[in-house]
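Residues: numbered from 1 along the sequence shown.
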Amino acid sequence: MSIRVRTAHTADLTPAELDAVRGLLDAAFEGDFGDEDWDHGLGGVHALVHDGSGLAAHGAVVMRRVRHGGRWWRAGYVENVAVRADARRTGLGARVMSELERVVDRAYDFGALSASDEGALLYTSRGWRLWDGQVHALSPLDGIVRLPEEEHSTYVRPALAGSLDPAHELVFDWRDGDVL
């Protein structure tokens, strides 16, 4: 079976490709994937893996601003990672992450993502580290608010900025829906 991996900015994906990605994500997350989740993965670089049956895996990396250690950084935030049910556990998630990590490592100060328990295994096997500090968001109404529920699912990857110090919190920019 021939596997093709492609990276492309959202602007370079056709409407049919975007529809295929949304369909994959809707199926993979079994009804727990909404319009705001979809929106979070747009505007960045997508990694798409195709096999003989079509789109088999996808992930995206988008820029987010994150305050850490007294300054704002450009974080490559990984979103919308999914593998078609019949193609899981075949290495396609790793192929997606390899492409996204290449982008993070070369274009961003560091990488970040929020992982489910199942997804965490993939990320930790690739060197992503569970963030050992506090996680906050800059709320448009309440200023900086702590997100303790995100502190056990936020992972980081050092890139251009090097290692991050968990003694300093991460303050993520605000977005509608789930902040992380």
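- A search for salt bridge (Lys or Arg N to Asp or Glu O under 4.0 Å) contacts involving D178 returns nothing, not counting sequence neighbours.
- In this structure R106 satisfies the side-chain contact (heavy atoms from CB on, under 4.5 Å) test together with R102, sequence neighbours excluded.
- Going from atom OG1 of T10 over to atom CG of L42 covers 5.0 Å, rounded to the nearest 0.5 Å.
- Contact of the D105 side chain with the R157 side chain is registered, since non-hydrogen atoms from C-beta on lie closer than 4.5 Å.
- Both L55 and L13 belong to a single network of hydrophobic side chains, linked directly or stepwise wherever heavy atoms of I, L, V, M, F, W or Y lie under 4.5 Å apart.
- Side-chain heavy atoms closer than 4.5 Å link hydrophobic residues (I, L, V, M, F, W, Y) into clusters, and following such links, possibly through other members, connects L18 to L48.
- For R88, there are no salt bridge (Lys or Arg N to Asp or Glu O under 4.0 Å) partners, not counting sequence neighbours.
- Closest non-hydrogen pair, A112 versus W128, comes out as N-CZ3, 3.5 Å.
- V96 is not connected to V62 by any chain of hydrophobic side-chain contacts under 4.5 Å among Ile, Leu, Val, Met, Phe, Trp and Tyr, and they are in different clusters.
- Under the rule for a ring-ring contact (aromatic ring centres under 6.0 Å, His included), H40 has no partner lying at least two apart in sequence or in another chain.
- By the salt bridge (Lys or Arg N to Asp or Glu O under 4.0 Å) test, R84 is found to be paired with D51, D86, residues two or more places apart in sequence or in another chain being considered.
- In this structure, S116 OG and F29 CZ are separated by 7.0 Å, a value rounded to the nearest 0.5 Å.
- Hydrophobic clustering (side-chain heavy atoms under 4.5 Å, transitive across Ile, Leu, Val, Met, Phe, Trp, Tyr) groups L130 together with M97.
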Pair V179, L147 - check side chain to side chain contact (heavy atoms under 4.5 Å, CB included), show working. CA-CA 9 Å; V179 176; L147 304 172; 4.2 Å; yes
What verdict does the side chain to side chain contact (heavy atoms under 4.5 Å, CB included) test give for V78 and Y155, after you've listed the backbone C-alpha separation in whole Å, the side-chain angles of each residue and the deciding distance to 0.1 Å? CA-CA 10 Å; V78 173; Y155 289 77; over 6 Å; no
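- Evaluation of the salt bridge (Lys or Arg N to Asp or Glu O under 4.0 Å) test over residues 57-66, restricted to residues two or more places apart or in two chains, returns R64-D173.
- For residues 137-154, the pairs satisfying salt bridge (Lys or Arg N to Asp or Glu O under 4.0 Å) are R146-E151, with sequence neighbours left out.
- Minimum interatomic distance between D165 and W131 (heavy atoms only, all atoms of both residues): O-CH2, 3.6 Å.
- Listed by first and then second residue, the side-chain hydrogen bond (donor to acceptor under 3.5 Å, both in side chains) pairs involving residues 66-77 are R67-E169 (not counting sequence neighbours).
- Across W174 and S139, no two heavy atoms sit closer than the pair CE3-CA, 3.6 Å.
- Rounding to the nearest 0.5 angstrom, the gap separating the CD1 atom in I144 from the CZ atom in F172 is 13.0 Å.
- You'll find the side chain of L113 stays beyond 4.5 Å of the side chain of V81, heavy atoms only.
- Rounded to the nearest 0.5 angstrom, R95 CZ and R4 CZ are separated by 11.5 Å.
- Residues L24 and V49 are members of separate hydrophobic clusters, defined by side-chain heavy-atom contacts under 4.5 angstrom among Ile, Leu, Val, Met, Phe, Trp and Tyr.
- Across every non-hydrogen atom of A75 and V66, the tightest pair is CB-CG2, 3.7 Å.
- Closest approach of A159 and Y108 over heavy atoms only: CB-O, 3.3 Å.
- Taking CG of L92 as the start and NE2 of H58 as the end, the distance is 14.0 Å to the nearest 0.5 Å.
- Minimum interatomic distance between L180 and V135 (heavy atoms only, all atoms of both residues): CD1-CG1, 3.2 Å.
- Residue pairs meeting the salt bridge (Lys or Arg N to Asp or Glu O under 4.0 Å) criterion with at least one partner in residues 36-48, sequence neighbours excluded, are absent.
- The salt bridge (Lys or Arg N to Asp or Glu O under 4.0 Å) analysis of residues 111-140, with sequence neighbours excluded, yields the pairs E101-R126.
- Inter-residue side-chain proximity for T7 and V103 is flagged as unmet; no heavy-atom pair is nearer than 4.5 Å.
- Residue pairs meeting the side-chain hydrogen bond (donor to acceptor under 3.5 Å, both in side chains) criterion with at least one partner in residues 24-33, sequence neighbours excluded, are R22-D26.
- Listed by chain and number, the residues in a side-chain contact (heavy atoms from CB on, under 4.5 Å) with H152 amount to none (sequence neighbours excluded).
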